Amino acid sequence: MVAMKGTIPHTTPMFMAGMRLVPAGVMVIAAAALWGRPILPKSLKAWLWIAFFALVDGAMFQGFLAEGLVRTGAGLGSVMIDSQPLAVALLSAWLFGEIIGIWGVAGLLLGVAGISLIGIPDEWIFSLLQGNIKLASVANFGHIFDSGEWWMLMAALSMAVGTVTMRQVAFFADPVAATGWHMILGGLPLWALSWATESQQWVNIDGYGWMALAYSTVFGSAIAYGIFFYFAAFGNLTSLSSLTFLTPVFALIFGHLLLSETLSPLQTFGVFLTLGSIYLIQQRAELAAKFPIFQSRRKATSHSPAGETDAI
């Protein structure tokens, strides 16, 4: 987010979204080949799952995110997109039977509270606490569909669906190669849309802008996507997606170090709440074992593995 902040005014959203996907996808495919992983899916079903993955997590997520970054003028947009672990947790519990538990629920809610304090303007929060709804800008919420917040919400939901889809994709294709192909297949339509509807996509980008694009492509897409979806194929999706609560935390830290941005007391408190939420989610099984009084008394059934009695 910090790297892209100064580049966005000098480019166009669809071109930028494609730049974050297609070159990164090529890098991931090349890395998979160097590691000796099978890079070509061998069945039509594998390609169909990758195509759906590309549509949802590639084209839709990056397209909505790029449009949101251009339009949003408030931290509410970042709160919406970084709340996607809630959707992932609910989808994972519904589709795969993952155990959330009381501590996991507490961590998810604490994380949303933390990123809300980080992203929502302080004056909105104070006015709501004082009961001054007008100052909290009800009018702004009335125009939410014309602003970046709507696009960020759609990006968050797209990423959540993409995250749970990876579990199915991994049944039919290598997860690293599938990640690369989904970025290529998801980015090409964005470039086609850019060619058809946008102009002067790169003429105003300076040297810093190209460096920011390169950083976002290599670190923000190729490396981050490759690692994230590799673990999404096999690991606990609720625990993994909860780490994205750290996005606004790191954005604040690097914004302070590189852009001289300052943290308000509410934002600082939000950082600690967010870190606490990550701890609760990652350690929810250990906490449930230490404090069994909070566990559900429902006995394990045939749908619940032995010992997992606190299913939500």
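Sequential numbering from 1 along the given sequence is applied to the chain's residues. Small disclaimer: the values here were computed from a predicted structure and weren't measured.
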Next on the checklist: I'd like to check Met166 versus Thr179 (side-chain heavy atoms, cut-off strictly below 4.5 Å). Are they in contact?
Outcome noted: yes
Next on the checklist: Do Phe272 and Leu109 land in one hydrophobic cluster if side-chain heavy atoms of ILVMFWY residues count as linked below 4.5 Å?
Outcome noted: no
Checklist entry - To the nearest 0.5 Å, what is the distance between CG (Leu48) and CZ (Phe52)? => result 11.5 Å
Checklist entry - If only atom types and distance count, is the side chain of Ser194 paired as donor or acceptor with the main-chain N or O of Leu190 below 3.5 Å? => result no
Next on the checklist: Any donor-acceptor pair under 3.5 Å linking the side-chain atoms of Gln201 with those of Thr11?
Outcome noted: no
Item to check | Min side-chain heavy-atom separation Trp181-Leu40 under 4.5 Å | outcome: yes
Checklist entry - Under the side chain to side chain contact (heavy atoms under 4.5 Å, CB included) test, which residues partner Ala24, sequence neighbours left out? => result Met183, Thr217, Ser221, Ala222
Checklist outcome for this item: dist Phe53:CZ -> Thr163:OG1 (nearest 0.5 Å) comes out at 7.5 Å
Checklist entry - Do other residues, nucleotides or ligands put more than 12 heavy atoms under 6.0 Å from the CH2 atom of Trp35? => result no
Checklist outcome for this item: Correct closest heavy-atom pair for Met16 and Ala66 would be CE-CB, 3.9 Å
Next on the checklist: Looking at Gly220, is its backbone amide N or carbonyl O close enough to the side chain of Arg20 to form a donor-acceptor pair, meaning the two atoms are under 3.5 Å apart?
Outcome noted: yes
Item to check | Side-chain touch Leu273/Phe269, heavy atoms, less than 4.5 angstrom | outcome: yes
Next on the checklist: Which heavy atom of Leu280 sits nearest to which heavy atom of Leu110, and what is that distance?
Outcome noted: CD1-CD2, 4.0 Å
Checklist entry - Considering only heavy atoms from C-beta outward, does the side chain of Ile184 approach that of Leu21 to under 4.5 Å? => result no
Checklist entry - Are any of the side-chain heavy atoms of Ser158 and Phe64 separated by less than 4.5 Å? => result yes
Item to check | CA sep, side-chain torsions, deciding dist, call: Val169, Ile50, side-chain contact (heavy atoms from CB on, under 4.5 Å) | outcome: CA-CA 6 Å; Val169 172; Ile50 292 174; 4.1 Å; yes
Item to check | Side-chain heavy-atom pair Phe15, Ile205 within 4.5 angstrom cut-off | outcome: yes
Checklist entry - Which pair of non-hydrogen atoms, one from Val56 and one from Met60, has the smallest distance, and what is that distance? => result O-CB, 3.3 Å
Next on the checklist: Applying the ring-ring contact (aromatic ring centres under 6.0 Å, His included) criterion to His182, which one of Tyr225, Trp47, Phe61, Trp49 satisfies it?
Outcome noted: Tyr225
Checklist entry - After noting the C-alpha distance and the side-chain angles of Trp195 and Met14, does the key distance pass the side-chain contact (heavy atoms from CB on, under 4.5 Å) rule? => result CA-CA 9 Å; Trp195 178 81; Met14 292 300 103; over 6 Å; no
Checklist entry - Counting only heavy atoms not in Phe231, do more than 12 fall under 6.0 Å of its CZ? => result no
Item to check | Criterion side-chain contact (heavy atoms from CB on, under 4.5 Å) on Ile39 and Asp174, from CA distance to verdict | outcome: CA-CA 7 Å; Ile39 62 174; Asp174 178 77; over 6 Å; no
Checklist entry - Between Thr7 and Gly209, which heavy-atom pair has the shortest distance, and what is it? => result OG1-CA, 3.6 Å
Checklist entry - Leu34 and Tyr230: same hydrophobic cluster, using ILVMFWY side-chain contacts below 4.5 Å? => result no
Checklist entry - If you look at every heavy atom in Pro175 and Ala233, which pair is closest and at what distance? => result CB-CB, 3.8 Å
Next on the checklist: I'd like to know if Phe229 and Ile227 are part of one continuous hydrophobic network [Ile/Leu/Val/Met/Phe/Trp/Tyr, side-chain heavy atoms within less than 4.5 Å].
Outcome noted: yes
Item to check | Step-by-step side-chain contact (heavy atoms from CB on, under 4.5 Å) determination, Met19 to Trp191 | outcome: CA-CA 8 Å; Met19 280 296 298; Trp191 269 353; 3.6 Å; yes
Checklist entry - Do Asp57 and Val161 have side chains that get closer than 4.5 Å, going by heavy atoms? => result no
Checklist outcome for this item: Rounded to the nearest 0.5 angstrom, the CD-NE2 distance for Gln200 and His10 is 13.0 Å
